[in-house]
Amino acid sequence: MEQSCCLAHQALFKHNLAVIDELKHQEQKIDRLYRQIETDCLQFMALQSPVATDLRLIGTLMQMVRDLERIGDYAEDLTEFAVKLLPYDITQYSATIENMLLATQSMLAMGLASLTELDAEQGLNIKQRDDEVDSGYQQVYQKLSQVQTVQGSVEPLLLMMLTIRSIERMADHATNIGRRVAYIVTGQR
C-alpha cells in the first residue's frame, strides 16, 4: 500500500507516467490478496468457531484489509488524474495537494506500524495527521470554488476536485486503520 501511494505521488508531482503500469499491476495483486484474505477469514470463522476476542480480531482485520484495498484503488485513480492533468498548469494548487498526499503516506505508514506493533496509541494519533489533510482539502476546495471565470476547459478544475477528494478519502481510510488497531488492542471503540 505504501508503494501505491509513492507511485501515485511520482505520477502526480514528478510526472513519471512510467509508474502507471506498475501501479495497475500492483493494484491487481492487492485486489487478489484482498479477496483471498476475506475468503480465509470467512472460512476460519465458519470452520473454527472462534470466541469473542478472536471474532473481534478477525472482523476488524477484514475491515482493515478493505481499507487498504480502497487506498490502493484511490492511488490508482490518482495516476489516471495525473495523466489528464499533464497539459494544465496546476502549480497554484500543487504544494498543498502534495502536502496532503505526503501526510496521507505518513498516516498509512503509521497505521501499518501500529498494526505490526499492536500500538493503540500510535493508531489513534493518526487522526491528528488526518486533520492536516482535511485542512488542505478545505483550502484547495475554497480556491477551486471561488473560480469565477474559466478560460478554456473546466476539466482541470474537475480533476483537481477529484484529486483532493481521493487523497482525503485515502487519509480517512488510513485513520480507520489506526482506529481499528486501537479497537483490536483495547476492545474500545
Under a 4.5 Å cut-off applied to non-hydrogen side-chain atoms, are [X] and [Y] in contact?
| X | Y | value |
| --- | --- | --- |
| Glu2 | Gln105 | no |
| Val181 | Leu124 | no |
| Ile90 | Thr163 | no |
| Ile71 | Leu108 | yes |
| Tyr74 | Thr104 | no |
| Leu23 | Leu78 | no |
| Ile177 | Ile126 | no |
| Val133 | Asn99 | no |

Same cluster for [X] and [Y] if Ile/Leu/Val/Met/Phe/Trp/Tyr side chains link at under 4.5 Å?
| X | Y | value |
| --- | --- | --- |
| Tyr183 | Met62 | no |
| Tyr137 | Leu144 | yes |
| Ile20 | Ile30 | no |
| Met45 | Val51 | no |
| Val185 | Leu57 | yes |

Shortest non-hydrogen separation from Gln146 to Gln142 and the atoms involved:
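Looking at all heavy atoms of both residues, the closest pair is CG-O, 2.9 Å.
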
Answer yes or no: is there a donor N or O on one side and an acceptor on the other, between the side chain of [X] and the main chain of [Y], under 3.5 Å?
| X | Y | value |
| --- | --- | --- |
| Thr186 | Ala182 | yes |
| Thr79 | Glu76 | yes |
| Ser106 | Leu102 | no |
| Asp89 | Thr91 | yes |

Around atom [atom1] of [X], are there more than 12 heavy atoms of other residues, nucleotides or ligands at under 6.0 Å?
| X | atom1 | answer |
| --- | --- | --- |
| Gln3 | CD | yes |
| Lys84 | NZ | no |
| Tyr34 | OH | yes |

Given Glu155 and Tyr88, is the side chain to side chain donor-acceptor pair (under 3.5 Å) satisfied, shown in steps?
CA-CA 9 Å; Glu155 184 180 39; Tyr88 303 108; 2.6 Å; yes

Measure the [atom1]-[atom2] distance between [X] and [Y] for me, rounded to the nearest 0.5 Å.
| X | Y | atom1 | atom2 | result |
| --- | --- | --- | --- | --- |
| Ile164 | Gln139 | CD1 | CD | 10.5 Å |
| Cys6 | Glu22 | SG | CD | 10.5 Å |
| Arg32 | Ile37 | CZ | CD1 | 12.5 Å |
| Thr96 | Leu101 | OG1 | CG | 12.5 Å |
| Ser114 | Glu121 | OG | CD | 11.0 Å |
| Thr60 | Asp67 | OG1 | CG | 10.5 Å |

[X] bridged to [Y] by N-O distance under 4.0 Å:
| X | Y | answer |
| --- | --- | --- |
| Lys24 | Asp21 | no |
| Glu132 | Arg129 | yes |
| Glu168 | Arg165 | yes |

Evaluate side chain to side chain contact (heavy atoms under 4.5 Å, CB included) for Lys127 paired with Arg179, printing each intermediate quantity in order.
CA-CA 9 Å; Lys127 176 63 177 135; Arg179 288 180 177 157; 3.6 Å; yes

Partner of Thr175 under side-chain contact (heavy atoms from CB on, under 4.5 Å), chosen from Met170, Met107, Gln128
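When side-chain contact (heavy atoms from CB on, under 4.5 Å) is applied between Thr175 and each of Met170, Met107, Gln128, only Met107 qualifies.
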
Met64 and Ile184: side chain to side chain contact (heavy atoms under 4.5 Å, CB included), yes or no, with the steps?
CA-CA 11 Å; Met64 275 195 271; Ile184 288 171; 3.2 Å; yes

Could you walk me through whether Leu157 and Val147 pass the side chain to side chain contact (heavy atoms under 4.5 Å, CB included) check?
CA-CA 9 Å; Leu157 298 175; Val147 173; 4.0 Å; yes

Which residues pass the side chain to side chain donor-acceptor pair (under 3.5 Å) test with Asp73, not counting sequence neighbours?
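By the side chain to side chain donor-acceptor pair (under 3.5 Å) rule, Asp73 matches Arg70.
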
Any luck finding a side-chain donor-acceptor pair between Asp40 and Gln36 under 3.5 Å?
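Present: a donor and an acceptor within the cut-off.
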
Can you see whether Glu27 engages Ser4 through a side-chain donor-acceptor pair at a distance of less than 3.5 angstrom?
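Their side chains do not contain a donor-acceptor pair, so the 3.5 Å distance test is not met.
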
ring-ring contact (aromatic ring centres under 6.0 Å, His included) contacts touching residues 5-33 (sequence neighbours left out)
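Every ring-ring contact (aromatic ring centres under 6.0 Å, His included) pair that includes a residue of residues 5-33, provided the two are not neighbours, is His9-Phe13.
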
Please evaluate residues Leu33 and Val65 with respect to the criterion side chain to side chain contact (heavy atoms under 4.5 Å, CB included), reporting the C-alpha separation (whole Å), side-chain torsions for both, the decisive distance (0.1 Å), and the verdict.
CA-CA 9 Å; Leu33 287 170; Val65 170; over 6 Å; no

For Phe44, enumerate each residue passing the side chain to side chain contact (heavy atoms under 4.5 Å, CB included) test, keeping only those at least two apart in sequence or located in another chain.
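Residues passing side chain to side chain contact (heavy atoms under 4.5 Å, CB included) with Phe44: Gln48, Pro50, Ile58.
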
